[in-house]
Enquirer: 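Okay, here's the structure, questions in a sec.
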Amino acid sequence: MTDLQLPPRQRDVLGTSPTRPDAPAKVSGAFAFSSDLTADGAVWGATLRSPHPHARIVALDVSGALAIDGVRAVITAADVPGRNAYGLIESDQPVFADGIVRFVGEPVAAVAAADPTTCQRALDAIVVTYDVLPPLLDPEAAIDPGTASIHPHGNVVRHQRIVTGDPSVVGDVVVEGEYEIGMQDQAFLGLEAALAIPDPDGSGVELHVATQWLHEDRQQIAACLGLPEASVRLVLGGVGGAFGGREDISLQVHACLLALRVGRPVRMHYSRTESFLGHVHRHPARIWMRHHADRHGTLVNIEARFVFDGGAYASTSSAVLINAVTHTQGPYRCPNAVVDGYAVRTNHLPCGAMRGFGVVQACFAHESQMDRLAAACGIDPLDIRRRNAMVTGDVLITGQPVTSVAPVLRCIDETEALPLPTQPVGGDDHPFGRPGGAGLTSDAGNIVRGIGYAVSIKNLMYSEGFDDFSTARCTVDDGQVALKYATAEVGQGFVTIAEQIARSILGLDEVSSETIDTTVGSAGSTSASRQTWMSGGAVEGACRAVRDRLLSDIASERGVEPGRLEVHDCDVVDVVDGWRQPVREAVRGRSFSEEFIHRHRPTVRLNDLGQGECHTAFAFAAHRAVVDVDVDLGLVKVVQIATAQDIGRALNPMSVIGQIEGGVAQGLGLAVMEEIVQVDGVIRNPSFTDYLLPTIADMPPVEIAMIEEYEPESPLGAKGVGEPPTISSTPAIVAAIRDAISQAYPMARPLTRVPVRPHDIVDAISNSR
Amino acid sequence: MTDVIVDERDFELTINGARVPVRGAAPGASLLQVLRDQLQLTGTKGACEEGECGSCSVLVDGVLMCSCLVMAASVTDTAITTIESVARPDGSFSDVQQAFVDCGAVQCGFCTPGLVMAVTDLLNQQPHADRETVREALAGNLCRCTGYGRILAAIDQVISQRAAQ
Ligand code: FES
Ligand code: FES
């Protein structure tokens, strides 16, 4: 055996922070986002959308569009060869409206033409005659059985009760509140875009698209096209962020239909305005909660009612609702509860997945309640949370025991221990440091600083009996490792983690990932904080299977038991006689390929009383917000966010930090800036001019403590980290604003809605001066 | 800038030092549209096409601009610089690009070309920009993924590396 002298090197294994494999292409402009893709002979597609929230289509005349030079096709509901309906949970949303439109922006027709300008002329030339119907816009009315249904499936998408213990228990201290959460947009920067390439004989189609879940898209697309799934191939086009907004179908079916119709590749791109209409949003919600505690602040009962406005179509509303109601209690023990939740259809924009998925709404309500309860009991807000903090083994109001590591107390304590900002109240002299920023500079003397805390629990992965799995293949050929998976890389960095896993397990450093497409089994969705656990588990399993084959081959050649061989760093080692050989040499001339499917443990659907082990695992986080508020002007500057988060194990610390900072930014957005405004069913702010996202000037520094307690149920010991930062950051910021307001106006009414708008602050103090 | 001829569909631009013909641009097409659709210079991104996100940032005669707001036919006599020219002639990355890679400033990467342009321009103009100056200068570049923390870390790396040289 030659003793290969390798230079010492830093290996990009688990626990380190290697640079992303796609970063070089991304910093040079060479990375191909789905909107950058084209093909020879490609034409453009575009969509005609409803201007009405609810109307009957009386007539649809496309002849004018077809007569325009350069227009290749105009398609409507009549041209959908398969099922004219799709949806993640129920197929209730038409590819094109068939007789009725149910929201402003609903697709009515699509065109293909030589260029985008001609597409627009064609859309303008389609004549649709509508008989406008009264829209259903009040979610409470949607619950009322007496209200006419706006959809054949009815107005209530799901109603779920949870009853546990003795819900009639009355506490020594009772606090009650009604909360409202506005509609938030995912606002990924990379707009919806796809390139559909028809097979030469028209028997199938290849779709390059920015999505979160290739296989689910394929299944829905194939059903609408009336084609077998095998005839529809999906390839991930570069994804410019997702955050839940790409879990549903948007332009996928339209692009494929047009491509098959015209026999040429079709490019479809949404504008920003169209994007606001074309994907689902975070559910606006109204939540009522009444918390009962004993005089020491120990929770004894929670009553709650949730109403989620799902808009016109079901999307994932039912799962979002389940997440909300099952997280009513937050990360706190409570023996008794009665919860009632509704997700309903209205003629608003459809809602579905967004980072936090129902728990964002629940957390804003339960954390606002915990602060009220603390005040009512005369206890510090952190102490009341410590007193009730959940631990592993506690049983949720659904009857499910929490088996995950549950370091809630550590989250609270370590958040509190993070340093407070040194910046003086009102910031330094730079106007960016003040509430309102450069444009609306507050008078430094009017600024009050507030501090608020919030704590969260979030389920990880899919729930309620869904067969949740991920597939990966590992191929080692002459020392080169190739990983194959269909896991949508949307920016979160799975491509980095996957390669780290392979290096760690195989002891080989030349690792690459193959094209992400449907030529391998499903990876499930890039959502629900699930890919590190699920696809990480699949990659790990595939790499282990390859390693086991390699070790057993070597063992039989050496005539030893395979159990004696292990991979230590980059070497195969016989733990009995000390023999060792670099893996790179050991695999020379050999090739292996193994596929592995990872499943998490099964879950069940909730019963009528909301009982059942419907979730798999949980992650926890705490946030502290420090804000400066000009109370009289209603202006807020978030000065600092501090957070301690339960992450299991940091597989890539830089990625974890990136997820936390990015998630906090979205939580800050919901707290003080972001809301889709609809008036009479019409969106009023479908642009980045009017829908405000946090800029670098709005984002404060984020102080982070990563709590690493290895999660035994996770294949790599790690928990998903993407969602918790978005969940409790929002209520922490609002708590801090309330704290500031109450210092200036002790009798002010508490803020109960997000986002907090300047006039909400001014309203809260009116009559309390 | 030259006289604006709004209907011009065929013209020439000077991009990254080369004179390039544009044929059949849509009347009134923005520089962003021409770069991406006519010239296949797709490194420059568009996320709003109304001047709010900065992902389309380019230099026009050395001035940072949103290419979505510039009519292509109006900049025929200018020197336009895009993300494709930021790497060094030997293909290696500029210090700003390298810092973005090193510091985790890239997630989905859609904002990245625009931010690389904006940060490069800022640090060329103000090599010692303090934190507030940086925040002010980059307030027109939206990033939805990172929360900006690692972008600031990348900028810090460039500033300290340049100071050490
Ligand atoms: S695309 Fe030009 S600023 Fe957004
Ligand atoms: S990295 Fe995704 S928008 Fe900035």
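Every heavy atom of this structure was used, including side-chain atoms; hydrogens, water molecules and symmetry mates were not. Fair warning: this is a prediction, and the values are worked out from it, not measured in the lab. So you know, we letter chains A, B, ... as the sequences are listed, proteins then strands, and number each from 1.
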Enquirer: Any idea which heavy atoms bring A/Phe31 and B/Lys45 closest together, and the distance?
Expert: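 Residues A/Phe31 and B/Lys45, closest heavy atoms: O-NZ, 3.9 Å.
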Enquirer: Might you point out which heavy atoms bring A/Gly241 and B/Cys108 nearest each other, and give the distance in Å?
Expert: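 Of all heavy-atom pairs spanning A/Gly241 and B/Cys108, the closest is N-CB, 3.3 Å.
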Enquirer: May I ask you to list the residues in residues 141-150 of chain B that approach chain A closer than 4.5 angstrom, counting heavy atoms only, ordered by number?
Expert: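 At a heavy-atom separation under 4.5 Å, chain A is reached by B/Leu142, B/Cys143, B/Arg144, B/Cys145, B/Thr146, B/Gly147, B/Tyr148, B/Gly149, B/Arg150.
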Enquirer: In terms of heavy-atom pairs under 4.5 Å, which option from A/Gly190, A/Ser17, A/Ser275 contacts chain B the most?
Expert: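 Top count of heavy-atom pairs under 4.5 Å with chain B: A/Gly190.
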Enquirer: Pick one of side chain, backbone, both or neither for A/Val490, based on which atoms fall under 4.5 Å of a heavy atom in chain B.
Expert: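 The answer is the backbone of A/Val490.
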Enquirer: Heavy-atom pairs under 4.5 Å with chain B: which of A/Gly493, A/Pro725, A/Ser35 has the most?
Expert: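 Answer, by heavy-atom pair count under 4.5 Å with chain B: A/Ser35.
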Enquirer: At under 4.5 Å between heavy atoms, what parts of residues 31-39 of chain B are in contact with chain A? List them by residue number.
Expert: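 Within residues 31-39 of chain B, the residues that come under 4.5 Å of chain A (heavy atoms only) are B/Arg36, B/Asp37.
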Enquirer: Quick check on B/Gln97 against chain A: is it the side chain, the backbone, both or neither that has a heavy atom closer than 4.5 Å?
Expert: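 Both the backbone and the side chain of B/Gln97 come within 4.5 Å of chain A.
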Enquirer: Under the rule for salt bridge (Lys or Arg N to Asp or Glu O under 4.0 Å), what residues qualify as partners of B/Arg19, not counting sequence neighbours?
Expert: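 Per chain and number, B/Arg19 pairs via salt bridge (Lys or Arg N to Asp or Glu O under 4.0 Å) with B/Glu12.
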Enquirer: Who wins among B/Ile83, B/Val134, B/Thr133, B/Ile151 for the most heavy-atom pairs under 4.5 Å with chain A?
Expert: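 Sorted descending by pairs with chain A, the first entry is B/Ile83.
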Enquirer: Any idea which of A/Ala665, A/Gly658, A/Gly663 has the most non-hydrogen atom pairs under 4.5 angstrom with chain B?
Expert: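 Most heavy-atom pairs within the cutoff with chain B belong to A/Gly658.
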Enquirer: In terms of heavy-atom proximity below 4.5 Å to chain B, should A/Ser271 be classed as side chain, backbone, both, or neither?
Expert: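 Answer is neither: A/Ser271 stays 4.5 Å or more from chain B.
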Enquirer: Heavy atom to heavy atom, less than 4.5 Å: which residues from residues 112-124 of chain B reach chain A?
Expert: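 Within residues 112-124 of chain B, the residues under 4.5 Å from chain A are B/Thr112, B/Pro113, B/Val116.
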Enquirer: Can you tell me if B/Arg135 uses its side chain to pair, donor with acceptor, with the backbone of A/Thr695 under 3.5 Å?
Expert: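 Such a contact is absent between B/Arg135 side chain and A/Thr695 backbone.
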Enquirer: What part of A/Val664 is in contact with chain B, defined as an atom under 4.5 angstrom from a non-hydrogen atom: side chain, backbone, both or neither?
Expert: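 Interface part for A/Val664: neither.
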Enquirer: Compare every heavy atom of A/Met654 with every heavy atom of B/Asp102, then report the nearest pair and how far apart it is.
Expert: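 B/Asp102 and A/Met654 have their closest heavy atoms at O-CE, 3.4 Å.
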Enquirer: Would you mind checking which part of A/Gln186 comes under 4.5 Å of any heavy atom in chain B, side chain (CB onward), backbone (N, CA, C, O), both or neither?
Expert: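 For A/Gln186, the contact with chain B is made by the backbone alone.
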Enquirer: Answer with side chain, backbone, both or neither: which region of A/Ala30 has an atom nearer than 4.5 Å to a non-hydrogen atom of chain B?
Expert: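 Contact with chain B involves no heavy atom of A/Ala30 at all.
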Enquirer: In Å, rounded to the nearest 0.5 Å, how long is the span from CZ of A/Arg20 to CD of B/Gln107?
Expert: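 Nearest 0.5 Å value for the CZ-CD distance: 7.0 Å.
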Enquirer: Compare every heavy atom of B/Phe110 with every heavy atom of A/Leu189, then report the nearest pair and how far apart it is.
Expert: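 Looks like O-CE2, 3.6 Å.
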Enquirer: Considering non-hydrogen atoms only, spot the tightest contact between B/Cys48 and A/Phe688 and give its length.
Expert: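 Looks like CB-CD1, 3.9 Å.
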Enquirer: Counting only non-hydrogen atoms closer than 4.5 Å, does A/Leu668 touch chain B with its backbone (N, CA, C, O), its side chain (CB onward), both, or neither?
Expert: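 No part of it gets close to chain B.
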Enquirer: Taking B/Ala47's backbone N and O only, do any of them form a donor-acceptor pair with A/Arg272's side chain (distance below 3.5 Å, no angle check)?
Expert: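 Such a contact is found between A/Arg272 side chain and B/Ala47 backbone.
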Enquirer: Do you know which of B/Gly54, B/Cys103, B/Gly51, B/Gly140 has the most heavy-atom pairs under 4.5 Å to chain A?
Expert: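 The residue among B/Gly54, B/Cys103, B/Gly51, B/Gly140 with the greatest pair count is B/Cys103.
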Enquirer: Closest approach of B/Val101 and A/Thr19, non-hydrogen atoms and distance?
Expert: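 Smallest interatomic distance, heavy atoms only, reads O-CG2, 3.5 Å.
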